Asks: 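One structure, pasted below without further comment.
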Amino acid sequence: MPHKKKPLVVVTRKLPEAVETRMRELFDARLNLDDKPMSHEALIEAVQTADVLVPTVTDEINAEIIAAAGNQLKLIANFGNGFDNIDVTAAAARGIDVTNTPGVLTDDTADMTMALIMAVARRIPEGARLVPDDKWQGWSPTWMLGTRITGKRLGIIGMGRIGQAVARRAKAFGLSIHYHNRRRVSPETEEQLEATYWDSLDQMLARMDIVTVHCPHTPGTYHLLSARRLKMMKPDAFLINTARGEIVDEVALTKMLDAGELAGAGLDVFEHEPAVNPRLLKLARAHRVVLLPHMGSATHEGRNEMGEKVIVNIRAMMDGHRPPNRVLPSML
Ligand code: 8YV
């Protein structure tokens, strides 16, 4: 029997050891062992030679790169759930499949969302700094007071997998669950989560104590939380974002936080990563916001499972099947 040629798979960043080992066994894998992000030119070169490209959130696979791809490029298997780094429409027009890694980072991202809610409301990073900085002079009844979580209203924007995982956790914390989504979830899910649906995002925003973002970044959700909408939030409310920075107008948010028009924010994502608005950094130093370096899904387990999903998608394509996690322009 003729030996089937292994596909050339170009991986743009360093992946977990076990994932790279498996990729080496299965594919003609070109790995990025020193983990330096690939330049635009290197990406162009990759799409001109590879059968499969495995990018991450740090690679912008735009229309120009897709136009430069050779006919051998069959699949862009994103190592990540969000796929706003890829021009899915341009890829579809060229007959190139795009896949992502849904499901395996849901719980980790939801956990990080809860951690941010607690961190902001209960001033955890500030307290955690005080002790090693030797600034703790003893307990006092009125010192380091935060905001109680129990009994507060949580507004979830985007009630997909991650939004629902946050709702389950938040319910256990005694928060009341409210949500806005393009489509209302099933009555069973609403009942299970004791979740109240708001057709109007504006009206929900005006009534929530904590707002958390869990929708994808698409052309339709860019600056969904615009200056106008942010202004609808209560001045004592908190904003949490573990989805994508582009969904929130970062400049408007920063101005409001600076002016005390919003009580605080917990952000794991930013509009221009890894750059962060200098005024936000200043607010973080003053413990008015908690900023994390896009680490919502950063667990050993999650990253290994993401790698496994990438491999499953590539193998399905190699075997002539439809990859299970295809992303289509209609999902935008
Ligand atoms: C990933 C993420 O780390 O999967 C996503 O959408 O935002 C992150 O948690 C990143 O995308 C990997 O490419």
Side-chain angles (χ1 to χ4, degrees), residues 9-16 18-20 23 31-32 35-38 43 46 52-62 65 75-88 91 98-116 157-166 212-219 221-222 224 240-248 250 266-276 291-314 323-328 331-332:
V9 175
V10 174
V11 183
T12 66
R13 300 296 300 267
K14 167 117 193 76
L15 299 184
V19 176
E20 292 192 333
M23 283 187 161
L31 306 173
N32 181 354
D35 201 28
K36 276 212 199 81
M38 282 167 70
L43 285 171
V52 180
L53 179 72
V54 180
T56 74
V57 69
T58 56
D59 309 295
E60 201 197 331
I61 312 300
N62 57 23
I65 290 181
L75 174 65
I76 301 173
N78 198 40
F79 182 88
N81 183 42
F83 46 84
D84 54 336
N85 54 317
I86 302 168
D87 191 327
V88 177
V98 177
T99 57
N100 69 341
T101 60
V104 291
L105 35 76
T106 304
D107 288 320
D108 296 328
T109 309
D111 288 345
M112 194 58 94
T113 304
M114 292 311 296
L116 275 174
I157 303 177
M159 198 59 143
R161 285 188 205 86
I162 298 175
Q164 290 183 30
V166 169
T212 185
V213 183
H214 299 290
C215 59
H217 167 222
T218 66
T221 63
Y222 175 77
L224 182 70
I240 309 296
N241 189 2
T242 55
R244 281 292 181 269
E246 291 90 337
I247 301 166
V248 180
E250 199 172 283
L267 309 174
D268 184 45
V269 288
F270 304 90
E271 261 199 86
H272 308 286
E273 294 177 16
V276 178
L291 308 180
L292 294 179
H294 197 147
M295 55 190 270
S297 73
T299 65
H300 295 291
E301 295 86 345
R303 291 288 150 85
N304 275 302
E305 289 168 17
M306 285 163 78
E308 282 161 25
K309 285 230 161 203
V310 167
I311 292 171
V312 166
N313 281 307
I314 300 174
N325 305 119
R326 268 171 95 213
V327 167
L328 302 169
M331 294 176 178
L332 291 172

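Owing to the predicted nature of the structure, the values given are computational and were not obtained by experimental measurement. Whatever order the structure lists them in is the order used to number ligands and atoms, beginning at 1.
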Asks: Which residue and atom name correspond to the protein heavy atom nearest atom 1 (C) of ligand 1, and how close is it?
Replies: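 In this structure, atom 1 (C) of ligand 1 has Ser297 OG, 3.6 Å as its nearest protein heavy atom.
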
Asks: Out of all atoms in ligand 1, which are within 4.0 Å of some heavy atom of Gly82? Include the element for each.
Replies: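 Answer for ligand 1: 4 (O), 5 (C), 6 (O).
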
Asks: For ligand 1, which atoms have a heavy atom of Arg244 less than 4.0 angstrom away?
Replies: 2 (C), 5 (C), 6 (O), 7 (O), 11 (O)

Asks: Quick test: of every protein heavy atom, which one is nearest to atom 4 (O) of ligand 1, and how far off is it to 0.1 Å?
Replies: Asn81 N, 2.6 Å

Asks: Looking at residues at least two apart in the chain, or sitting in another chain, which of them share a side-chain contact (heavy atoms from CB on, under 4.5 Å) with Glu60?
Replies: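 Asn62.
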
Asks: For the CD1 atom of Ile86 and the CG atom of Leu53, what is their distance to the nearest 0.5 Å?
Replies: 8.0 Å

Asks: In terms of residue, atom name and distance, what is the protein heavy atom nearest to atom 8 (C) of ligand 1?
Replies: His294 NE2, 3.4 Å

Asks: I need the minimum non-hydrogen distance between Leu75 and Pro323, along with the two atoms involved.
Replies: CD1-CG, 4.5 Å

Asks: First locate atom CE of Met331, then atom OG1 of Thr218, and finally report the distance between them rounded to the nearest 0.5 Å.
Replies: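 The CE atom of Met331 sits 13.0 Å away from the OG1 atom of Thr218.
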
Asks: Shortest non-hydrogen contact from Pro16 to Phe79?
Replies: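 Pro16 and Phe79 have their closest heavy atoms at CD-CZ, 4.4 Å.
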
Asks: Any side-chain to backbone donor/acceptor pair from Glu273 onto Phe270? Under 3.5 Å, distance only.
Replies: yes

Asks: Taking salt bridge (Lys or Arg N to Asp or Glu O under 4.0 Å) as the test, write out the residues that go with Arg303, two or more places apart.
Replies: none

Asks: Using a 4.0 Å cutoff against the non-hydrogen atoms of Thr56, which atoms of ligand 1 qualify?
Replies: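 Selected atoms, number and element: 13 (O).
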
Asks: If you count the atoms of ligand 1 from 1 in the order shown, which ones are under 4.0 Å from a heavy atom of Phe79?
Replies: 12 (C), 13 (O)

Asks: Drop me the distance from Asn241's CG to Asp268's CG, to the nearest 0.5 angstrom.
Replies: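 If we round to the nearest 0.5 Å, Asn241:CG and Asp268:CG are 8.5 Å apart.
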
Asks: If I apply the N/O under 3.5 Å rule, does Met306 come out as touching ligand 1?
Replies: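 Among all N and O atoms of Met306, none is under 3.5 Å from an N or O of ligand 1.
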
Asks: Using a 4.0 Å heavy-atom cut-off, which part of Leu105 comes near ligand 1: side chain, backbone, both, or neither?
Replies: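 Near ligand 1, Leu105 shows its side chain, while the N, CA, C and O stay back.
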
Asks: State if Arg303 counts as touching ligand 1 under the rule of any non-hydrogen atom under 4.0 Å.
Replies: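 The answer is yes: ligand 1 sits under 4.0 Å from a heavy atom of Arg303.
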
Asks: Under 3.5 Å between some N or O of ligand 1 and some N or O of Val57?
Replies: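 N/O-N/O distance under 3.5 Å: yes.
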
